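Here the structure comes first, spelled out in structure tokens, and everything after it is commentary.
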Amino acid sequence: MIQLYNVSKRYGAEGASVTALDDVNMRVREGEMVFLTGPSGAGKSTLIRLLLCVERVSSGQVLIGGRNVHALRDESIPYLRRNFGVVFQDFRLIETRDVFDNVAIGMEILGLPRKDIVRRVGQLLEAIGLQERAHASPRDLSGGEAQRVAIARALVNEPAILLCDEPTGNLDPQLSREIIQLVCEVNRRGTTVVVATHDAALIEEFGARTLTLKGGRLVQDRDRADRGGDMLAGGLDLSRLDDPMAEIE
Amino acid sequence: MIQLYNVSKRYGAEGASVTALDDVNMRVREGEMVFLTGPSGAGKSTLIRLLLCVERVSSGQVLIGGRNVHALRDESIPYLRRNFGVVFQDFRLIETRDVFDNVAIGMEILGLPRKDIVRRVGQLLEAIGLQERAHASPRDLSGGEAQRVAIARALVNEPAILLCDEPTGNLDPQLSREIIQLVCEVNRRGTTVVVATHDAALIEEFGARTLTLKGGRLVQDRDRADRGGDMLAGGLDLSRLDDPMAEIE
Amino acid sequence: MSATLRLISFLRAALRLMRGSPWLNAVSVLTIAASLSLCGLFAMAFFNAHTLIDELGSSLTIQVYLEPDTPEERIGQIEARLREHEGVKRVRALSSEADRERNRKLLDPALLEGLDDEAIPGQPVLALELDSSLASRGDLEALVHWAGQIEAVEAVEDVAFGAERLRLLFAVLEIIRSVGVVLSAVLLASALFFVFTTVRLAVWGRRREIEILSLMGATPNFIRAPFLLEGALQGLLGAVVAIVAVGLLHLELEGLVRDVYLLQVQPSLLPPGMVLWLLVGGPCLGVLASGLSLGRAFKV
Amino acid sequence: MSATLRLISFLRAALRLMRGSPWLNAVSVLTIAASLSLCGLFAMAFFNAHTLIDELGSSLTIQVYLEPDTPEERIGQIEARLREHEGVKRVRALSSEADRERNRKLLDPALLEGLDDEAIPGQPVLALELDSSLASRGDLEALVHWAGQIEAVEAVEDVAFGAERLRLLFAVLEIIRSVGVVLSAVLLASALFFVFTTVRLAVWGRRREIEILSLMGATPNFIRAPFLLEGALQGLLGAVVAIVAVGLLHLELEGLVRDVYLLQVQPSLLPPGMVLWLLVGGPCLGVLASGLSLGRAFKV
Ligand SMILES: Nc1ncnc2c1ncn2[C@@H]1O[C@H](COP(=O)(O)OP(=O)(O)OP(=O)(O)O)[C@@H](O)[C@H]1O
Ligand SMILES: Nc1ncnc2c1ncn2[C@@H]1O[C@H](COP(=O)(O)OP(=O)(O)OP(=O)(O)O)[C@@H](O)[C@H]1O
Ligand SMILES: [Mg+2]
Ligand SMILES: [Mg+2]
């Protein structure tokens, strides 16, 4: 599903550049759940940005579903991104829209019918325990609440790949466990999941495969009890990638 | 140092209001270090906002150094805030200034000489391990790096009171411990410290007094081995509060 | 999803954008209204100046004095020749008697005492009205030249031209025109720049929102559509405000002109179809400015 | 910390603000430049229109014809009385002979043939030049009334007033003035609004930054100072740009006017001291707009 071949990423100009990723090779199979860990500044968020084509690799290749994403034309990138659900480290909620709309964005982008949106978003808000705050502004949420909204937003389209960057940094241990259980549930239904986290206790408890980055290098790939999903949903949809104008009838 | 008497805080209009704090009574002595914990949405950040006069209490009284802060005139509020160092849950770095300038702001506000600023900021950047990124933009930092900059910024003026809201949410366990050690060091030199955190392991390890909020109510106040400071620095300066124009010569 | 449904969802998004920052929206609407008002005002001023110039210009004449005994037939020939000339709007023929009558009125009665009718000068005259739309300094020189030619024509005795007065008038016209063109160019450019800038700043203020949408897989068109619709709605509102403003000003000016009773030249001072132009122009301006602003404000 | 040191630190902050968003700054500078250019252009147009009107107005005269045998002394009395009247700039006395000479030039030579000198009309005339700065419709009516009174004065035979022509001229002056005042008001208002809006949007785009500074204990003045300095710097830059623009335009217009040779009335078309006004006005505008924008844009 996700393959990285000799991926390096350097930020900044030649002279004063920062090497965020250094010759990383890794592979995440379809339906797999993977923890990504490592000290601050190890390159975890950078790796996620590369998958999303927010940044381009300095060298090497990133393959998603067998396709070299950095060979895609600009017009195709939105269609690539629709295969992902992403929880950003800094949440990135839209402050001018309320909680409900923030969660609904993904479905609106796909142009799904309003009543489906209302049903699905309602379910998710209930799952994260925020159904009562559906019409609050993200500005008025506590840190943990905002993080949960970000998680709901990532899940709304049952994406083929779920990327979570530090999804429990603002949650208490109890909520963290519940959220990761939710993520596991999604994974069990076929979604490939990558969770970047510092929470050693969480990794310990859920014991999935763990990739450890350090200074941009992949220093450890520890596989444990593999809990491969039964592939119910979450198949990758790359059909649109060659036909970027298909959406705009 | 910090006293709360029957403090309640409700957000929003009468009808659809959220009760963030509900009749809280507490007292933090000068030089004390206190952990504030509780589930997401318990009211930890709200409490910090009340201390800073970002929000006003709905009822009750907040006293800092024996003064009722919510009776202060608007003009005095900046002088109250200068007694605090704050690490915000969402960092709040200024994106248009580089790391060095972000840390230096507090000293610039006090109008301290440039060479003192350079020395002090340099020391702090070294302490958080970011001296090499002094001239990077906060946008180009990793989550953990940004959080460390926020911590350095809060410490720069050796404040009388240090408020940290989830200061280790984006840090790996090793760095978290180092940062809390840094905070303890500051506390040992006389600064009163309040740390809001979900990190049970951290609380366990440092075993200071722990206040637990739940749904806006103070449900637990567990005191442990008191490690009161030797009061080297960090005395409260409220002299300016009655003379708000003193700064503007 | 059908196109209509999609449009409705974009409209909802546009309205949400507008509700989200009412203050910013008020500014944009006022901006467009101010620009359109200025344009309208200027169009009005230009239109009326032109009418006024036409009015004044049409009173410009050249008098061609013919020899007293020129036969009717010959007069007709000359008249036809003059009529052909470019820049001549009308030719009026005055008989000797009509000219004498005119002169009698002009001369001092005391002077005429004791003179018999024949002594009062009178000769056939062709009065040429000039087309003021051709009035420029170049045209004037051409006319001076032409007047010389007319004088050479057999049977023409004299050409009264009033060239000095004409020259002054043309110079004034020319200055009014130049200043008008320069001012209108500057105004339009600054109006466009103004709207473009405010929209661009608005987009800049929402850069995070745009970035997030893009990260979630929204196509550039999906992101643009609400902004464009918002621009169109703002433009429409701005146009309505501008129409009201220009209308009120128009009433005021009309009153003023009616007061200065000599210039009651036309029923309406508004250029025809201006309301329509503003109503179409407003949304166009809004969409254009939004479009230009969005163009480079965000990348995928 | 000394005041100078503090100022330097604010200047550093202002420059950092400007470096931080070069694009936004370019927009603000251009905005101020455009506004000032418009104002300058308008001041120029107004100033020159006024000069032109003065020029034209000063050629307005009233001719007071006195009885042929009025004694010199009496003429002097009447002249003195006329001179006293408000709105009269100059009174020129023509003797009978001078008037006859003038008439001889006006009349057709053919008509004068066979007439002796005495037959040509000639009488003492007082030519009044009117002060055009008083020229309005109200003044005109007063003058018409006054003319009636003059006619009743002993020894005055006739008053040639050319009221119709005067009326037309005054009406034109009045319209130019009204349009000028309306346009100038609209322009200035929109220029102010324009600058205010862009600065406000810029502040709005930096609302987070302002909020953070406030949270860290910065006084409102500390937060405002760099923005005000930034506004002043932008205003200065804008003024320089505007001066260059207006200067170029001025050269262009001057050439045009020189071309239309009849109106070579003054050495410079620029109102005196305009460069200074712009250089002072630019920073003032910038500071004012920043100040107004900041005023309500943030709270402690
Ligand atoms: N846009 C950028 N420009 C320059 N350097 C950058 C940029 N983004 C990230 N970096 C640097 O690259 C390195 C890796 O950053 P990254 O965000 O991937 O770390 P991370 O593993 O997510 O860390 P954390 O756990 O603290 O979030 C860091 O040193 C960071 O400062
Ligand atoms: N400005 C606001 N307007 C309305 N409600 C608010 C506002 N700020 C906070 N709240 C609500 O008040 C409650 C307490 O918020 P607070 O931020 O204090 O929680 P917290 O203890 O910091 O939680 P977390 O650990 O998730 O950060 C939450 O339910 C939150 O939604
Ligand atoms: Mg990260
Ligand atoms: Mg909080």
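The chains referred to below are lettered A, B, ... by the order of the sequence lines, with proteins before strands, and numbering in each begins at 1. Source: prediction; values computed, not measured. When reading the values below, keep in mind they use all heavy atoms of this one structure, side chains included, and skip hydrogens, waters and symmetry mates.
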Pick from B:Leu52, B:Val86, B:Asp101: which one has the most heavy-atom pairs with chain D under 4.5 Å? B:Asp101
Look at the side chain of B:Arg81 and the backbone N and O of D:Ala218, then say whether any donor-acceptor pair between them is shorter than 3.5 Å. no
Heavy-atom pair of closest approach, residues [X] and [Y]:
| X | Y | value |
| --- | --- | --- |
| B:Ile109 | D:Leu213 | CD1-O, 4.0 Å |
| B:Leu93 | D:Ile212 | O-CD1, 3.6 Å |
| B:Arg82 | D:Met216 | CG-O, 4.4 Å |

Return the CZ to CG distance between D:Arg208 and B:Asp90, rounded to the nearest 0.5 Å. 6.0 Å
Rounded to the nearest 0.5 Å, how far apart are CD of B:Glu95 and CZ of D:Arg206? 13.0 Å
Contact part of B:Phe84 toward chain D, heavy-atom cut-off under 4.5 Å: side chain, backbone, both or neither? neither
Going through the distances and angles, do D:Glu209 and B:Arg92 end up as a side-chain contact (heavy atoms from CB on, under 4.5 Å)? CA-CA 8 Å; D:Glu209 186 171 338; B:Arg92 305 207 178 202; over 6 Å; no
Neighbour count above 12 (heavy atom, 6.0 Å) for B:Glu185 CD: yes
